[in-house]
Amino acid sequence: MPLIFHWGGPRHGEIDEVAAEMLTSSVLVYDGPRWFGVYQRFEPVEVRSTPQGPAEVWVVRE
């Protein structure tokens, strides 16, 4: 499963494994239960090194 690094919003700084089928578009929607929010793929694509491995940066969509 791909790793996502969240920038901004309620998940700022968190790193999560996300099912590949959730990343078929440039928008990632969380509908709970812990968080609500919309993130979009950072352009140009940026990958950060994290303790869990390389993670793609997604930013909160306001």
Over all heavy atoms of both residues, which pair between [X] and [Y] is shortest? Give the atoms and the distance, please.
X: V29; Y: M22; result: O-CE, 4.3 Å
X: P2; Y: A20; result: CD-N, 4.0 Å
X: R11; Y: Y39; result: N-OH, 3.1 Å
X: P54; Y: V47; result: CB-CG1, 3.6 Å

NZ/NE/NH1/NH2 to OD/OE distance under 4.0 Å, R41 and E43 =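 A salt bridge is absent here (no side-chain N lies under 4.0 Å from a carboxylate O).
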
Under a 4.5 Å side-chain heavy-atom rule over Ile, Leu, Val, Met, Phe, Trp and Tyr, are F5 and L28 clustered together?
->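 Hydrophobic grouping puts F5 apart from L28.
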
Tell me whether L23 is reachable from V60 by hopping between hydrophobic residues (I, L, V, M, F, W, Y) whose side-chain heavy atoms are closer than 4.5 Å.
->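 V60 and L23: one cluster.
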
I15 CD1 to Q52 CD distance, which is reported to the nearest 0.5 Å =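 Spacing of CD1 (I15) from CD (Q52) equals 4.5 Å.
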
How long is the gap from OG1 on T50 to CD on E14, to the nearest 0.5 Å?
->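 The CD atom of E14 is 13.0 Å from OG1 of T50, to the nearest 0.5 Å.
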
What pairs with E17 under side chain to side chain donor-acceptor pair (under 3.5 Å), at least two apart in sequence or on another chain?
->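 Once residues adjacent in sequence are excluded, E17 has no partner under the side chain to side chain donor-acceptor pair (under 3.5 Å) criterion.
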
Got E46 and W7 here, is their nearest side-chain heavy-atom distance under 4.5 Å?
->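 They are not in contact (no side-chain heavy atoms under 4.5 Å apart), so the answer is no.
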
